[in-house]
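Since we're looking at a predicted model, the values are computed, not measured.
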Amino acid sequence: DQRWRCVRANGTPFTGEEHPAMVTLRTGLPQSSVLMGVHQPGGELVWINVSSRLLPRADGKSRAVLATFRDISREREALIELRRREALLHATIDSLPAGLFVTEDGFGRVLRFNSPLLAVLALGALEEPLRHGRLAASEIYQHLAGLVVDADAWHEFEQACRRLGHGAALEREFRVADGRMLRCAVRPIVDDSNTRIGLLHGIEDITPRLRADEERRALEHRLQEVQRLESLGVLAGGIAHDFNNLLTSIIGSAELAFMNAPEGSSLARQMERILQASSRAAMLCQQMLSYAGSNISAVRRIHLSDTVREALASLGPPPDARVRLQVELAPELPALLADPAAVVQVAHNLLRNAFESYGPEGGVVAVSTRVERFEAEAFARAAFAPSLPAGDYLVLEITDSGCGIEPKVLARIFDPFFSTKFTGSGLGLSAAIGIVRKHKGALFVESAVGRGTCVRVVLPVAPSPKVS
């Protein structure tokens, strides 16, 4: 009947000659569980298992065949669904970042594993037996024992895993020899009767996550530091403005009294001391205004090397003849959009600190300028830096090999009025960072006790002038 069509599992036709009963009748050999799909007249496809064998006849000549048919359509659908779910489970497990493997109860044979396990562990020669189901959990743990830095801690973890109870789970973190941090976890697998039937082992490389957390904390710290410095700048600027107004009145009155006082009199000497103290107070006000960025006014296109050369000339030689200057200023640099007086003040403040870093033995203070390419992530290492884009920047670098700065002091050197010097005002570096901040630049400081300090002032290149 042509309405009943038989097909194989791959969809190709199943001819009458290939029917198990016909094969047995022709060859005399039994056929067992041959899969056959039958298209019924109504269009429904039914899957059956066909088996056949010879039935001997009494006359010994003619032959009969017994064929049995079993409908396995539902079993086949269930098997296909099971395979689909298993493939989905494998794809899901392989997409996890952690390396996973399941073992028999205890530390027996590895029954299943996912692809990330191979990347995390780099099993080498053990990979082949793992793929063929011939590897035990104890062999993987022995491989890990040779990777971790603290072998004793790993041995304790392994012993604790072997003693693991039904409802318990273990998790530890281990540093391995190549610098990575691995998180290892073990959890029991139980069936419906709460009988433990295996163990689930997880090994994850958490180094990228730890690095991301560290970068996030560093970014948060930088943001807090910027906000703190900006708040202090607003406070310092307000105080400096008010104090400057008071000083103007004090200095004016003192100058009038000094002019009217008899020359050489006690009053004239007192007024002179008042004027000297007022002059120093006015300088402190200017430094506070520099920290607040309030005295940046004459911004124009300048050449960094020329401006630093002017700062060196106006500052004069180092106060100690045993300290020598080594100057290397790049002749060809892009223009800088800045207040030249503010740049000179930054150079003066940094140079004074470098000069004072040396003891009686003296040394060399190196001053250089250049243009340098910076990536955006490089500014994360700066002592101060707003969110700056990647690009070319102008660099003023001042290096000494003096006493260096202790880490706990290095964290506070830009705080207003913080100073380790008996005669210092604590505003020199604060003013420098205020000026750098106002010019949308960055400031890097590297220092080690007994090895010296390197300060880099990074300022943006001026945009090209518009041609009308």
Side-chain angles (χ1 to χ4, degrees), residues 290 293 295-319 323-355 357-358 363-402 414 428-429 431-447 451-468:
S290 296
N295 62 346
I296 309 298
S297 55
V299 175
R300 56 186 174 86
R301 298 174 71 87
I302 63 173
H303 192 284
L304 178 61
S305 293
D306 291 343
T307 306
V308 173
R309 194 174 289 109
E310 294 173 9
L312 291 169
S314 60
L315 184 64
V323 176
R324 295 180 293 105
L325 267 174
Q326 180 180 308
V327 181
E328 189 177 344
L329 305 179
E332 301 292 334
L333 288 177
L336 168 66
L337 197 61
D339 180 352
V343 175
V344 168
Q345 185 179 352
V346 169
H348 280 180
N349 292 351
L350 297 179
L351 283 167
R352 288 193 185 99
N353 279 356
F355 293 158
S357 69
Y358 286 104
V364 176
V365 173
V367 183
S368 64
T369 58
R370 62 181 180 275
V371 64
E372 185 177 334
R373 173 79 183 180
F374 282 82
E375 299 301 329
E377 56 269 19
F379 293 108
R381 299 188 296 272
F384 170 82
S387 298
L388 297 177
D392 291 335
Y393 289 82
L394 293 162
V395 179
L396 165 61
E397 182 174 289
I398 298 177
T399 306
D400 66 72
S401 55
F414 297 108
L429 291 177
I433 206 168
I435 293 169
V436 171
R437 180 175 66 241
K438 196 67 176 180
H439 286 82
K440 296 181 173 56
L443 201 148
F444 293 79
V445 180
E446 298 173 5
S447 185
R451 300 176 65 179
T453 303
C454 175
V455 181
R456 285 183 295 160
V457 178
V458 179
L459 299 169
V461 173
S464 300
K466 295 181 180 180
V467 180
S468 58

Original post:
Does any N or O in the side chain of Tyr358 come within less than 3.5 Å of the main-chain N or O of Asp400, such that one atom is a donor and the other an acceptor?
Top reply: no
Subject >> From Ile435 atom CD1 to Asp339 atom CG, the distance as rounded to the nearest 0.5 Å >> reply: 8.0 Å
Original post:
Short question: side chain of Ser305, backbone of Leu329 - any donor-acceptor pair under 3.5 Å?
Top reply: no
Original post:
Looking only at heavy atoms, what is the nearest atom pair of Ala311 and Ala347, with distance?
Top reply: CB-CB, 3.8 Å
Original post:
Is there side-chain contact between Leu315 and Phe355, with heavy atoms separated by less than 4.5 Å?
Top reply: yes
Original post:
Is a side-chain N or O of His439 found less than 3.5 angstrom from the main chain of Gly434, in a donor-acceptor match?
Top reply: no
Original post:
Which distance, rounded to the nearest 0.5 Å, do you find between the CG of Leu396 and the OG1 of Thr369?
Top reply: 7.5 Å
**OP:** Quick one: pull up CG in Leu336 and CG in Leu304 and give me the separation to the nearest 0.5 Å.
**Re:** 6.0 Å
Original post:
If you round to the nearest 0.5 Å, how far is CZ of Arg456 from CD of Glu446?
Top reply: 5.5 Å
Subject >> Val455 and Phe444: CA distance, side-chain angles, deciding distance, side-chain contact (heavy atoms from CB on, under 4.5 Å) verdict >> reply: CA-CA 6 Å; Val455 181; Phe444 293 79; over 6 Å; no
**OP:** Show the numbers, then the answer: is there a salt bridge (Lys or Arg N to Asp or Glu O under 4.0 Å) between Glu397 and Arg370?
**Re:** CA-CA 9 Å; Glu397 182 174 289; Arg370 62 181 180 275; 3.0 Å; yes
Original post:
Checking His303 side chain against Pro331 main chain: does a donor-acceptor pair fall under 3.5 Å?
Top reply: yes
Subject >> Ser314 versus Val344, closest heavy-atom pair with distance >> reply: OG-CG1, 4.3 Å
Original post:
Mind checking whether Val371 and Tyr393 have side chains closer than 4.5 Å, heavy atoms only?
Top reply: no
Original post:
Hey, mind stepping through Thr453 and Thr399 against side-chain contact (heavy atoms from CB on, under 4.5 Å) and telling me if it holds?
Top reply: CA-CA 6 Å; Thr453 303; Thr399 306; over 6 Å; no
Subject >> Spatial distance of atom CD1 (Ile302) from atom CD (Glu310) [nearest 0.5 Å] >> reply: 8.5 Å
Original post:
Could you go step by step and tell me if Leu312 and Leu351 meet the side-chain contact (heavy atoms from CB on, under 4.5 Å) rule?
Top reply: CA-CA 9 Å; Leu312 291 169; Leu351 283 167; 3.5 Å; yes
**OP:** Answer yes or no: does atom CD of Glu372 have more than 12 heavy-atom neighbours from other residues, nucleotides or ligands under 6.0 Å?
**Re:** yes
Original post:
Between Pro463 and Arg301, which heavy-atom pair has the shortest distance, and what is it?
Top reply: O-NH1, 2.7 Å
Subject >> Shortest non-hydrogen contact between Ala338 and Pro340, atoms and distance >> reply: O-CD, 3.4 Å
**OP:** Using a 4.5 Å cut-off on heavy atoms from C-beta on, say whether the side chain of Arg451 contacts that of Ser401.
**Re:** no
Original post:
Do the side chains of Pro334 and Asp392 get nearer than 4.5 Å, heavy atoms only?
Top reply: no
Original post:
If every non-hydrogen atom of Ala442 is compared with every non-hydrogen atom of Leu388, which pair is closest and at what distance?
Top reply: CB-CD1, 3.9 Å
**OP:** Begin with the C-alpha distance, continue with both residues' side-chain angles, and end with the deciding distance and a verdict on side-chain contact (heavy atoms from CB on, under 4.5 Å) for Val458 and Leu443.
**Re:** CA-CA 6 Å; Val458 179; Leu443 201 148; over 6 Å; no
